[in-house]
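To keep things clear, I will list the structure first and then write my remarks on it.
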Number of protein chains: 2
Amino acid sequence: MSITSDILRGHTEAIILSHLLDQDSYGYQINKDIMKKTNNTYELKEATLYSAFRRLEQAGYIRTYWGDETVGARRRYYAITEDGRRMYHGYKKEWQEAKEMIDKLLK
Amino acid sequence: MSITSDILRGHTEAIILSHLLDQDSYGYQINKDIMKKTNNTYELKEATLYSAFRRLEQAGYIRTYWGDETVGARRRYYAITEDGRRMYHGYKKEWQEAKEMIDKLLK
DNA sequence: CAATATACCTCGCCTGTCAAGGTATATTAT
DNA sequence: ATAATATACCTTGACAGGCGAGGTATATTG
């Protein structure tokens with residue numbers, strides 16, 4: 001595992017929630033967005049992505065539905081819930097604090 | 001596991017190396033330093049600490065020796081190596097980049 | 001003399017990541 | 001025509017770091 005992956009570990013769920021704040025989306029799209037946003041520096045691996053979806057759904061932070069594509073491959077859409085939004089904002093706050101903490105600890 | 005632990009995951013080794021930059025130290029002391037530095041927000045768990053020491057030693061980033069305490073409990077001291085310093089600086093750079101990336105991904 | 005502090009350590013579980021594999025449809029290149 | 005690539009979904013099993021729970025020994029404080 002690369003160091004970058006290790007640093008990113010644990011942020012996956014919040015990153016996904018962040019992408020659902022403004023509109024519903026689906027796995028493939030979210031992954032593409034992330035790659036684009038990071039100039040292809042970071043690619044969320046599919047297995048990681050889908051296991052995160054399962055956890056988020058289980059926790060009630062997202063709900064899912066199938067798109068009604070008439071052409072092309074089917075898409076499973078994800079929507080953030082109110083709990084999900086709360087979770088996201090809590091996490092973001094925690095991230096701000098953690099950032100300062102790590103900066104302090106790395107001198 | 002708390003969210004904080006998950007965010008901190010992977011930084012343990014660098015945090016330890018950081019504490020060894022200026023002087024050698026030992027497990028108990030390093031742990032205390034970390035707690036103090038973070039106003040008791042973050043406590044590196046002992047099991048985590050010692051398994052990190054093993055990894056760091058294995059990797060050649062630290063070397064260890066027993067202190068010559070005449071009173072009190074014995075102390076195992078840790079010293080950072082040149083490789084350890086290189087590793088630390090590389091990690092710190094990576095952290096700066098990762099920080100920006102996560103900020104971007106969390107909008 | 002019990003409790004707390006200092007100081008070390010190990011075992012085994014838990015959880016998130018991911019390599020490797022799979023399915024199906026649509027488009028583009030040869 | 002058909003091979004290759006892109007879109008889109010998914011599961012399994014291994015791996016690694018964190019840590020709860022347990023242990024040892026010495027010194028100090030109430």
Side-chain angles (χ1 to χ4, degrees), chain A residues 1-17 24-36 40 42-59 61-62 64-78 91 98 102 105, chain B residues 1-17 19 24-36 40 42-59 61-62 64-78 91 98 102:
Chain A
M1 201 195 294
S2 71
I3 294 184
T4 308
S5 295
D6 241 2
I7 292 182
L8 266 308
R9 191 193 170 100
H11 297 285
T12 309
E13 297 181 18
I15 289 170
I16 292 172
L17 290 180
D24 298 359
S25 192
Y26 56 98
Y28 202 79
Q29 185 61 47
I30 290 173
N31 222 2
K32 282 283 156 62
D33 283 354
I34 289 172
M35 274 190 275
K36 204 178 160 191
N40 299 301
Y42 176 51
E43 186 202 0
L44 229 180
K45 302 308 180 309
E46 288 202 348
T48 306
L49 184 70
Y50 286 108
S51 63
F53 280 144
R54 300 297 157 257
R55 286 196 304 276
L56 286 166
E57 197 185 354
Q58 192 87 29
Y61 296 147
I62 56 173
T64 111
Y65 57 93
W66 286 102
D68 56 353
E69 282 69 44
T70 45
V71 291
R74 72 212 167 133
R75 295 172 180 168
R76 185 198 279 278
Y77 281 87
Y78 298 94
Y91 190 89
I102 296 168
L105 289 171
Chain B
M1 200 195 294
S2 71
I3 293 183
T4 309
S5 295
D6 240 3
I7 292 182
L8 267 306
R9 190 193 170 102
H11 297 286
T12 310
E13 296 180 20
I15 289 170
I16 292 172
L17 289 181
H19 275 81
D24 298 358
S25 191
Y26 55 97
Y28 202 78
Q29 184 61 45
I30 290 172
N31 223 1
K32 281 282 153 65
D33 282 353
I34 288 171
M35 273 189 275
K36 203 179 161 191
N40 298 302
Y42 176 52
E43 187 201 0
L44 230 180
K45 302 308 179 309
E46 288 203 348
T48 305
L49 184 70
Y50 286 108
S51 63
F53 280 145
R54 299 299 157 257
R55 287 196 303 276
L56 286 166
E57 196 185 356
Q58 192 85 28
Y61 296 147
I62 56 173
T64 111
Y65 57 93
W66 286 101
D68 56 352
E69 282 68 44
T70 46
V71 291
R74 71 213 167 129
R75 296 173 180 169
R76 185 198 279 278
Y77 281 87
Y78 297 93
Y91 190 89
I102 295 168

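Chain identifiers are assigned alphabetically (A, B, ...) following the order of the sequence lines, protein sequences preceding nucleic acid strands; residue numbering begins at 1 within each chain. Please read these numbers as outputs of a predicted model, since none were measured by experiment.
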Give a yes or no on whether the backbone of B/Arg75 and the side-chain of B/Glu69 come within a donor-acceptor separation of less than 3.5 Å.
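Answer holds: yes.
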Separation of [X] atom [atom1] from [N] atom [atom2], in whole Å?
| X | N | atom1 | atom2 | answer |
| --- | --- | --- | --- | --- |
| B/Tyr26 | C/dC8 | OH | C1' | 12 Å |
| A/Gln58 | C/dT15 | CD | C1' | 14 Å |
| A/Arg76 | C/dA24 | CZ | P | 17 Å |
| A/Ile34 | C/dC18 | CD1 | P | 12 Å |
| A/Glu43 | C/dT17 | CD | P | 14 Å |
| B/Leu44 | D/dG17 | CG | P | 14 Å |
| A/Glu69 | C/dT25 | CD | C1' | 12 Å |
| A/Tyr42 | C/dC18 | OH | P | 6 Å |

OG1/B/Thr48 to CZ/B/Arg9 distance, rounded to the nearest 0.5 angstrom?
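Spacing of OG1 (B/Thr48) from CZ (B/Arg9) equals 9.5 Å.
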Do A/Leu105 and B/Tyr42 have side chains that get closer than 4.5 Å, going by heavy atoms?
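In contact.
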Shortest non-hydrogen contact between [X] and [Y], atoms and distance:
| X | Y | value |
| --- | --- | --- |
| B/Leu49 | B/Gly27 | CD2-O, 3.5 Å |
| B/Asp6 | A/Gly10 | OD2-CA, 4.0 Å |
| A/Ile30 | A/Ser25 | CG1-OG, 3.6 Å |
| A/Trp66 | A/Arg74 | CZ3-CG, 3.4 Å |
| B/Ala14 | B/Tyr91 | CB-CD2, 3.2 Å |

Within residues 45-55 of chain B, which residues have any heavy atom lying less than 4.0 Å from an atom of DNA chain D?
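Contacts with DNA chain D under 4.0 Å: B/Lys45, B/Ala47, B/Thr48, B/Arg55.
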Taking for each residue the nucleotide of DNA chain C with the nearest heavy atom, is it A/Thr12 or A/Thr70 whose nucleotide lies nearer the 5' end?
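The residue whose closest nucleotide sits nearer the 5' end is A/Thr12.
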Tell me which of A/Glu13 and A/Gly72 sits closer to the 5' end of DNA chain C, going by the nucleotide each one is nearest to.
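Between the two, 5'-proximity favours A/Glu13.
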For a quick test of reading the model: is some side-chain N or O of B/Arg75 closer than 4.0 Å to OP1 or OP2 of C/dA7?
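Yes, because at least one side-chain N or O of B/Arg75 sits under 4.0 Å from OP1 or OP2 of C/dA7.
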Is any side-chain nitrogen or oxygen of A/Arg74 closer than 4.0 Å to OP1 or OP2 of D/dT7?
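For A/Arg74, the contact criterion (side-chain N or O under 4.0 Å from OP1 or OP2 of D/dT7) is not met.
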Anything under 3.5 Å between a protein N or O and an N or O of nucleotides 2-6 of chain D, put it in a table, one pair a line.
none

Take the angle between the ring planes of A/Tyr65 and A/Tyr77 and call it parallel below 30°, perpendicular above 60°, tilted in between.
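Correct class here is parallel.
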Is a donor-acceptor pair below 3.5 Å formed from side chain B/Arg9 to base D/dG17, judging by atom type as modelled?
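Such a pair exists between side chain and base.
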